[in-house]
Amino acid sequence: RRLCILKGIYPHEPKHKKKVNKGSTAPRTFYLLKDIKFLLHEPIVNKFREYKVFVRKLRKAYGKSEWGTVERLKDNKPTYKLDHIVKERYPTFIDALRDLDDALSMCFLFSTFPRTGKCHVQTIQLCRRLAVEFQNYVIASRSLRKVFLSIKGIYYQAEVLGQPITWITPYAFAHDHPTDVDYRVMATFTEFYTTLLGFVNFRLYHSLNLLYPPKIDSQAEDELKPAEGKEYAMDSESYLERLSALSASLARSVAPTHEEEVEIDEFPVEGETAEQMDSKKKEQEALEKHKKLFEGLRFFLNREVPREPLAFVIRCFGGQVSWDKSLCIGATYDAADPSITHHIIDRPRVDKQVVGRYYLQPQWVFDSVNAKLCLPVAEYFPGVLLPPHLSPFVTEKEGDYVPPEKLKLLALQRGENPDEESEEEEEEEEEEEDNDKEEEEEEDESEKEEEMKLQKMEEQKTQNTQSNKVLPVKVTAGKVRLEDKQRLEQEQQSEEKRLAIMMMKKREKYLYKKIMFGKKRKIREANKLAEKRKAHDAALKEQKKKNKKARQA
Amino acid sequence: LSTSPGPLHPPGAAPRFPWNSLPFPDPAPGVLPPQDIRNTVGNIPMEWYQDFPHIGYDLDGKRIYKPIRSKDELDLFLEKMENPEYWRTVQDRLTGADIALSDEQLELVQRLQKGQFGDVNFDPYEPAVDFFSHEVRIHPVTNRPADKRSFIPSLVEKEKVSKLVHAIKMGWIQPRKPKDSTPTFYDLWAREDPKSILGRHKMHVPAPKLPLPGHAESYNPPPEFLLSPEEELAWQQQEPEERRLSFLPRRFGSLRAVPAYPRFIHERFERCLDLYLCPRQRKMRVNVDPEDLIPKLPKPRDLQPFPTTQALIYRGHSSLVRALSVSPSGQWLVSGSDDGTLRFWEVSTARCLRTVPVGSVVTSVAWNPNPSICLVAVAVDERALLLNPALGDRLLTTATDQLLESWEAPEEERVQPVRWVAAGPEEHARGIRLILEHGKPVTQVTWHGKGDYWASVQRGAGGRQVLIHQTSRRWSQDPFRRCHGMVQCVQFHPLRPYFLVASQRSVRVYNLLRQELTKKLQSNCQWISSMAVHPGGDNVICGSYDSKLAWFDLDLSTRPYRLLRHHRRALRSVAFHRRYPLFASGSDDGTVIVCHGMVYNDLLQNALLVPLKVLKGHAPALDLGVLQVVFHPTQPWLFSSGADGTVRLYT
């Protein structure tokens with residue numbers, strides 16, 4: 001099992017299950033013969049054997065209480081390296097980046113584990129180190145693109161060398177360790193992932209001319225040094241902590257040139273029109289703008305706010321961030337600093353407000369990042385009912401349900417201001433509604449009258465048939481029936497289609513029905529969501545009206 | 001025992017035991033007691049002396065004779081009773097003599113039996129006296145002087161130590177470095193070759209990434225993504241594998257209220273399991289535009305004329321109309337119903353011209369296809385009637401009557417499967433001319449194209465299900481010796497002397513001239529209900545109760561060329577148009593489907609089947625819809641009769 005995990009060997013579903021399984025269709029797992037042969041030549045197999053022998057010897061020594069032997073054996077514990085496996089599984093760097101999602105999620109999860117039980121302390125420390133290194137890289141390269149606060153954890157998406165890398169981190173709470181999970185499997189995966197991530201980090205740091213292992217910029221280090229110098233027990237321990245505070249920039253092996261604004265040369269690709277070029281250029285500009293979203297803003301995090309994700313996100317987009325000194329190491333400025341522009345707070349009320357800064361809920365940061373612009377702050381004040389937090393990973397296709405908030409956001413991105421319009425609309429709507437009611441009543445009346453007439457006529461008819469004596473044949477003026485040509489055309493077409501479907505072969509019909517079922521389900525779900533929303537909005541409006549009336553009364 | 005010989009053998013006591021016969025010196029060597037008979041044969045099995053009178057030799061080399069054993073059971077018993085020593089008497093195997101054990105010997109035996117030591121005086125639990133004690137004595141335990149080497153430093157050790165010292169001085173031996181467990185990283189991909197082997201072989205399937213979260217997973221989703229209480233209940237009752245969402249969408253007012261997700265580790269673990277245990281397979285996603293799947297057929301508009309709208313409704317019957325037939329001229333229509341009447345209609349006006357009560361359920365009617373004869377065959381219960389409707393040209397009707405009356409009874413009466421009976425005066429007035437009494441319920445009547453022969457199908461156990469009648473000679477015959485299965489319907493071939501018989505699963509084509517089976521068509525249906533023959537004669541359609549319509553091409557194969565599953569319920573009737581390339585099928589779902597069925601003269605070109613129109617109109621009643629469909633002989637019109645008691649004309 002360990003070998004399969006490390007070498008990335010997995011079962012294959014055979015093309016002809018019956019042929020492979022000697023005629024039976026019982027569920028069995030099949031591995032490729034080549035894969036298994038491939039495992040045989042793996043040098044790490046010998047290392048595993050050595051380790052097995054080591055364990056046996058150790059057990060024997062323990063049994064005999066030969067403590068000297070135990071010591072000696074432990075000193076010579078066989079170790080193995082996974083470097084060649086990483087290289088073998090990912091021959092190019094891009095391959096490794098493509099497969100980084102699971103590695104990151106796992107490392108972030110393991111780095112939150114307690115230092116006791118479940119797995120080795122070294123593993124957890126290594127995971128923490130690698131995760132922090134990767135975060136620092138993302139900050140340094142400003143490659144974060146999307147953030148999403150889900151109920152499971154926080155999703156991040158970064159774009160590294162053109163590859164989108166998504167990972168999830170759990171919320172910072174103690175884990176309720178489940179009993180039905182085999183931690184050995186996870187540990188084996190983590191073993192491989194840490195190796196992979198270490199090499200990837202090394203390469204990434206070097207691609208940005210950063211030192212690896214990371215060093216905090218000397219300039220920043222001076223700032224960070226605690227004044228008394230006695231607050232922390234050990235320098236070595238606090239170093240990783242300071243690094244993980246994410247508040248300082250990293251030292252570079254080559255001094256950065258300050259003017260980084262390099263005009264991108266234009267290489268017209270054949271078959272590319274000027275429009276495409278333009279759009280590309282625009283995209284590039286938008287990306288640059290997105291990277292500098294929080295540039296020049298100074299944030300202060302209140303102590304109840306999750307510090308690490310927020311500091312990470314703000315730093316990724318060029319903002320400056322600080323927190324209370326007692327909360328964590330690495331605070332750069334105080335809460336009373338007058339230059340603070342945004343104060344992130346997650347309490348219903350603010351006691352002492354300082355003039356000159358926005359007090360906002362943390363969702364503002366995440367929503368702004370996803371919207372690629374600083375959103376209007378009015379909806380995010382403390383104690384205010386927050387607007388829904390939408391997933392940035394969803395791109396609605398035609399026919400999908402688009403929540404109204406998303407529409408609003410899109411309008412904002414286009415540069416329109418939907419708020420005013422919508423307010424006006426609301427007012428108009430209210431007026432219209434009143435009118436509608438009256439009209440409806442009128443319509444109802446007219447309908448009733450017609451119904452009455454019809455009823456009378458029917459009664460007459462029945463009487464006539466019953467009596468059947470005199471046939472009161474009347475010639476009434478006929479009405480011209482208007483034929484809607486378009487509709488007729490449509491009906492005809494749909495009938496033709498129905499007839500053609502009847503002639504389909506059985507297999508094709510099955511496929512067709514399946515496709516249509518899927519489509520219909522999609523539409524149905526979208527309609528359901530829209531309906532739910534409508535009902536919800538109506539309920540809200542009614543509530544509002546009631547409140548208004550109550551206030552008036 | 002050997003250590004304590006003394007108390008056992010007091011001198012004077014007879015040492016008669018085998019164990020003291022060998023090693024011990026005689027207690028009184030000088031005196032040879034007369035009783036001392038010691039056997040000198042040694043350690044041999046005593047059976048060897050069985051056949052001899054003696055048992056060995058004594059010290060003097062004289063024979064020791066066996067004591068005389070002449071005691072019988074009674075003597076033994078008496079001795080046992082009388083001899084007080086009997087219980088302690090044993091037999092010496094070496095000498096064969098009886099020995100009474102002494103008291104000491106008895107005691108020894110008893111002690112051994114109890115597991116005690118033989119010696120009475122032996123004490124197994126004597127207090128142990130420790131040689132080395134904690135008390136310091138003034139004298140050494142051993143008086144050996146110390147070795148010289150214990151005062152001189154060891155040369156060997158010195159040599160070893162000096163070697164080590166030398167090695168340390170030279171730097172050969174170094175202290176063990178503390179192991180650094182932190183891994184070292186370097187640029188692994190420094191010399192990467194993009195063209196190098198693709199990591200692994202071609203079959204490598206990279207693991208799919210996890211799907212990205214949607215709006216519903218947000219901690220503060222839009223309100224429409226939250227589940228209503230009913231949906232939540234449904235979600236909880238579903239199996240975890242069936243759920244479309246793996247979590248319950250929830251809404252939290254602020255970020256600080258969001259708890260940890262309890263299944264986070266589970267999900268990572270499941271992902272790990274998927275990565276190394278789940279079989280992978282490259283699946284081609286069917287990226288088909290569903291519109292492309294629909295076959296390209298000629299437009300129905302281009303295949304006109306065909307009946308499209310309901311033109312007339314013939315009302316009058318009070319029950320199901322099971323049978324329908326159009327006169328060859330296309331002017332009249334006859335319908336037979338469950339209410340026991342036949343009705344004759346004028347096609348163009350929907351006016352009922354005549355009503356003929358026949359007394360029972362009419363199962364089938366067929367108008368004589370010969371235009372010069374005005375005759376209708378009717379299947380009523382157990383009889384088949386020939387009826388002259390007396391419609392249209394009077395000359396024609398009288399000519400028909402004359403034709404029927406011109407028959408003369410043959411001289412010799414032939415044995416016929418049915419009885420031909422001329423109608424009585426009352427029936428004659430109603431138009432009935434001849435009655436054929438079958439004796440079994442008749443289900444179908446059908447005419448030959450010429451108008452003289454006609455066939456009837458009767459239902460019942462045993463043979464004789466199909467009969468062929470000749471009107472002019474008034475005689476009937478049973479063409480088949482035995483029938484295969486239950487005959488559903490029969491048809492005369494329009495051009496050749498063939499006769500088609502449809503049983504439940506298959507259609508048999510018989511050559512009437514040669515009187516042989518020419519073809520057997522396998523219908524692939526469960527139960528054929530009806531059959532029609534193309535006027536060209538090469539194609540046959542069969543409707544079945546399992547809602548299939550099978551189109552046979554007789555030249556092509558005995559299997560259906562196409563199986564059309566147009567209807568949703570059982571087919572009751574199918575019909576071909578005599579002139580236009582049309583065929584129609586009526587079904588229990590209340591619809592009639594008109595299809596274009598073009599047959600080409602070119603043998604290489606298959607027939608073109610295009611559904612043209614779904615005609616609705618009949619209201620389903622009694623779980624039945626359309627019972628019979630018939631085309632107009634000349635116009636592209638279609639008549640259908642239904643379970644609602646109406647006949648409808650579609651034009």
Side-chain angles (χ1 to χ4, degrees), chain A residues 4-5 10-13 29 32 34 83 86-87 89 91-93 101-102 106 109 122 148-153 155 170-171 173 175-176 178 181 185-186 189 198-199 202-203 304 346 362 386 388-391 393-394 403 405 496 499-504 508 511-512 515-516 529 532-533 536, chain B residues 176 181-183 185-189 192 194 196-197 199 201 203 209-210 212-215 217-225 247 250 254-256 258-262 264-266 268-269 271-273 275-281 286 288 290 293-295 297 299-300 566 609-612:
Chain A
C4 279
I5 292 172
Y10 46 85
H12 280 255
E13 190 75 12
T29 47
L32 285 183
K34 217 171 178 179
D83 308 3
V86 172
K87 176 82 195 217
R89 279 177 68 173
T92 61
F93 184 55
D101 289 14
D102 291 315
M106 200 62 133
L109 171 64
Q122 289 94 332
F148 178 49
L149 297 167
S150 99
I151 53 171
K152 294 182 179 174
Y155 287 88
Y171 287 114
F173 292 105
H175 292 283
D176 183 14
V181 163
V185 172
M186 301 236 288
F189 268 103
F199 285 116
F202 187 91
R203 174 99 178 191
E304 72 278 357
D346 199 1
L386 287 170
H389 179 61
L390 297 174
S391 166
F393 301 112
V394 181
E405 287 82 11
E496 271 170 24
L499 290 171
I501 286 168
M502 286 202 309
M503 279 307 280
M504 268 157 91
E508 284 178 354
L511 185 63
Y512 179 82
I515 293 174
M516 292 317 270
L529 285 177
K532 256 182 166 178
R533 178 67 185 220
H536 179 261
Chain B
R176 188 175 280 132
S181 61
T182 51
F185 299 115
Y186 51 91
D187 196 356
L188 190 66
W189 292 280
E192 69 179 23
S196 67
I197 33 154
H201 42 81
M203 299 290 283
K209 294 193 171 187
L210 278 176
L212 290 170
H215 296 313
E217 208 180 308
S218 166
Y219 86 101
N220 183 14
E224 62 268 31
F225 287 96
F247 55 90
R250 287 182 66 190
S254 59
L255 190 59
R256 67 171 185 279
V258 184
Y261 184 60
F264 194 90
I265 295 177
H266 272 118
R268 291 318 316 167
F269 178 61
R271 171 72 178 168
C272 286
L273 289 187
L275 281 178
Y276 91 101
L277 283 181
C278 186
R280 296 188 199 165
Q281 185 182 30
V286 192
V288 185
L293 289 174
I294 299 173
L297 292 172
K299 284 196 171 172
H566 292 172
L609 308 182
V610 184
L612 293 175

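Chain letters run A, B, ... following the sequence lines, proteins first, then strands; residues in each count from 1.
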Segment of I294(B) engaging chain A (4.5 angstrom heavy-atom cut-off): both
Contacting moiety of R256(B), where chain A heavy atoms sit under 4.5 Å: both
Heavy-atom proximity to chain A below 4.5 Å, by part of L609(B): both
Pairing residues for F148(A) by the ring pair (Phe, Tyr, Trp, His ring centres under 6.0 Å) criterion, not counting sequence neighbours: H389(A)
Heavy-atom contact with chain A under 4.5 Å, split by part of F269(B): both
Smallest separation among heavy atoms of L277(B) and P11(A), with atom names: O-CG, 3.1 Å
Residue, of L293(B), L612(B), V258(B), that accumulates the most heavy atom pairs under 4.5 Å with chain A: L293(B)
Contact class of P221(B) relative to chain A, heavy atoms under 4.5 angstrom: backbone
P403(A) to P222(B) - nearest heavy-atom pair and separation: CB-CG, 4.3 Å
Contact leader toward chain A among L255(B), L275(B), L210(B), where contacts are heavy-atom pairs under 4.5 Å: L255(B)
Non-hydrogen atoms of P611(B) and P300(B) that approach each other most closely: O-CG, 4.4 Å
Aromatic ring proximity F173(A)/H175(A), centre distance under 6.0 Å: no
